[in-house]
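Below you'll find the structure, written out as structure tokens, and then a few comments.
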Amino acid sequence: MIRKTVSNVTEALSGIQDNMTFMLGGFGLCGIPENAITKLVQLNLKGLTCISNNAGVDDFGLGLLLQKKQIKKMVSSYVGENDEFERQMLSGELDVELIPQGTLAERCKAAQGGFPAFYTPAGYGTEVAEGKETREFNGKMYVLEHAFEADFAFVKAWKGDEAGNLIFKGTSRNFNPCMCGAAKITVAEVEELVPAGELDPDQIHIPGIFVQRIFQGDKYEKRIEQRTVRKRE
């Protein structure tokens, strides 16, 4: 049995350097690799390119890396909850590539599946298509988009086993599955790590072949982005 387990987040992040490109799972504050991000902040890496659906909030998630100006470029779909992100983008301190959400997912999947590029109708005729090859299929125009090229993918799952098989819980699945195996090295942090063979094969969302390193995380905050409760009567 091949075991992918590493003892802690420090070992999981071995080999990372300045100026690398990272994929980070999550949607809003749901299902983000909190332990990996915290360690990236502590390592004080610089010049990073981060591929993520969004950029966290000012004091949590990728917002922590933005606070220390560790990110050189953000490749994202939605970034509306982070004031520091907005400030850095408007001042020219941060390079930003905004991508339609579906295209972001498909560029991850293309890298995961080994496809160098694909055509999509999303963005044709807009700024998204500027400088890109376009082509007509059956009377409709499409834009050529390239698969991402990343050094590390950091994902967060609910449960995993020593072989790297992963199960995600609810909406925290989001971008995590399509980023597994989409980089040179995929690091998975899980809330619960179990021996190989303990997971029900029919419940596994991502097989271990897409994961190179797995560890059990801790101290998850699991913040709610906009908590709404009913007023007391």
Side-chain angles (χ1 to χ4, degrees), residues 1-16 20-37 39-40 50-54 61 75 77 99 101-118 120 145-218 220 222:
M1 173 66 68
I2 297 176
R3 284 178 168 78
K4 310 289 184 70
T5 54
V6 293
S7 57
N8 51 48
V9 65
T10 301
E11 186 177 349
L13 270 61
S14 64
I16 63 172
M20 280 188 165
T21 298
F22 298 149
M23 288 180 165
L24 299 105
F27 191 103
L29 303 181
C30 179
I32 69 171
E34 295 179 36
N35 286 238
I37 292 173
K39 189 62 180 179
L40 290 173
C50 291
I51 301 166
S52 178
N53 178 67
N54 60 290
V75 182
S77 177
I99 302 175
Q101 199 165 77
T103 302
L104 180 69
E106 290 301 324
R107 289 180 68 180
C108 293
K109 292 177 183 177
Q112 182 187 65
F115 298 100
F118 61 93
T120 174
E145 295 281 1
H146 291 265
F148 287 125
E149 296 181 10
D151 298 293
F152 280 81
F154 300 109
V155 302
K156 191 261 181 180
W158 170 54
K159 187 180 290 188
D161 67 15
E162 295 172 337
N165 299 303
L166 303 176
I167 297 175
F168 302 92
K169 193 171 186 178
T171 56
S172 63
R173 191 186 297 191
N174 53 63
F175 276 80
N176 283 296
C178 64
M179 289 185 174
C180 292
K184 295 174 183 176
I185 296 175
T186 295
V187 176
E189 57 179 82
V190 296
E191 294 180 42
E192 183 180 354
L193 185 60
V194 300
E198 188 166 315
L199 299 180
D200 179 351
D202 287 333
Q203 301 301 314
I204 291 171
H205 296 132
I206 287 293
I209 194 171
F210 289 109
V211 176
Q212 282 70 51
R213 303 172 188 173
I214 186 171
F215 70 96
Q216 183 164 322
D218 59 8
Y220 287 108
K222 294 187 179 180

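Everything numeric in this text was worked out from a predicted model, so none of it was measured. Residues: numbered from 1 along the sequence shown.
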**Asked** In Å, rounded to the nearest 0.5 Å, how long is the span from CZ of Phe175 to CD of Gln101?
**Response** 4.5 Å

**Asked** Roughly how far apart are Ile209 CD1 and Ile2 CD1, rounded to 0.5 Å?
**Response** 8.5 Å

**Request:** Quick one: closest heavy-atom pair of Ala153 and Ala183, and the distance?
**Result:** N-CB, 3.5 Å

**Request:** May I have the step-by-step check of side-chain contact (heavy atoms from CB on, under 4.5 Å) for Leu193 and Phe215, ending in yes or no?
**Result:** CA-CA 7 Å; Leu193 185 60; Phe215 70 96; 5.8 Å; no

**Prompt:** With side chains defined as the heavy atoms from C-beta onward, is the minimum distance between Asp151 and Lys184 less than 4.5 Å?
**Reply:** yes

**Asked** Which heavy atom of Gly28 sits nearest a heavy atom of Asn54, and at what distance?
**Response** N-OD1, 2.9 Å

**Complete:** Heavy atoms of Cys178 and Lys109 approach each other most closely as CB-CG, 3.7 Å

**Prompt:** Quick one: CG on Leu199 to CD on Glu162, what's the gap to the nearest 0.5 Å?
**Reply:** 10.5 Å

**Request:** Find out whether His205 and Cys180 are in side-chain contact, i.e. whether some heavy atom of one side chain is under 4.5 Å from a heavy atom of the other.
**Result:** no

**Message:** A side-chain contact here means heavy atoms from C-beta on lying under 4.5 Å apart; do Phe168 and Asn174 qualify?
**Reply:** no

**Fill in**
Tightest non-hydrogen contact, residues Met179 and Ile51, listed as CE-O, 3.7 Å

**Request:** Would you indicate whether the side-chain heavy atoms of Val155 and Val211 approach each other to under 4.5 Å?
**Result:** no

**Asked** Taking atom CG of Asn35 and atom CG of Asp218, what is their separation to the nearest 0.5 Å?
**Response** 5.0 Å

**Close side-chain approach of Tyr220 to Glu189, heavy-atom, < 4.5 Å** = yes

**Request:** Show your working on side-chain contact (heavy atoms from CB on, under 4.5 Å) between Lys159 and Val190 and close with a plain yes or no.
**Result:** CA-CA 5 Å; Lys159 187 180 290 188; Val190 296; 5.9 Å; no

**Closest approach of Ser172 to Gly31 (non-hydrogen atoms, all atoms of both residues)** = CB-CA, 3.8 Å

**Prompt:** Can you find a heavy atom in the side chain of Asp161 that is under 4.5 Å from one in the side chain of Glu198?
**Reply:** no

**Verdict with reasoning, Val187 to Phe152, per side-chain contact (heavy atoms from CB on, under 4.5 Å)** = CA-CA 7 Å; Val187 176; Phe152 280 81; 4.0 Å; yes

**Prompt:** Has Glu11 got more than 12 heavy atoms of other residues, nucleotides or ligands less than 6.0 Å from its CD?
**Reply:** yes

**Asked** Would a 4.5 Å heavy-atom cut-off, applied to side chains only, mark Glu106 and Glu145 as touching?
**Response** no

**Prompt:** Any donor and acceptor pair, going by atom type alone, linking the side chain of Arg107 with main-chain N or O of Ile99 inside 3.5 Å?
**Reply:** no

**Asked** Quick check: does any side chain N or O of Ser77 sit under 3.5 Å from a backbone N or O of Asn53, one acting as donor and the other as acceptor?
**Response** no

**Request:** Report yes if the side chains of Glu149 and Thr21 come closer than 4.5 Å at any heavy-atom pair, otherwise no.
**Result:** no

**Prompt:** Going by the angle between their ring planes, with limits at 30° and 60°, are Phe154 and Phe22 parallel, tilted or perpendicular?
**Reply:** perpendicular

**Prompt:** How far apart are the closest heavy atoms of Ala182 and Ala111, and which atoms are they?
**Reply:** O-CB, 3.5 Å

**Asked** Nearest 0.5 Å, what's the CD1-CG distance between Ile37 and Leu24?
**Response** 5.5 Å

**Request:** For Lys39, check salt bridge (Lys or Arg N to Asp or Glu O under 4.0 Å) against everything at least two apart and list the hits.
**Result:** none

**Request:** Let me know which of Lys156, Lys169, Gln216 forms a side chain to side chain donor-acceptor pair (under 3.5 Å) with Glu191.
**Result:** Lys156

**Prompt:** What distance separates Met20 CE from Leu40 CG, expressed to the nearest 0.5 Å?
**Reply:** 11.0 Å

**Request:** Please lay out, stage by stage, how Asn176 and Ile206 fare under the test side-chain contact (heavy atoms from CB on, under 4.5 Å).
**Result:** CA-CA 10 Å; Asn176 283 296; Ile206 287 293; over 6 Å; no

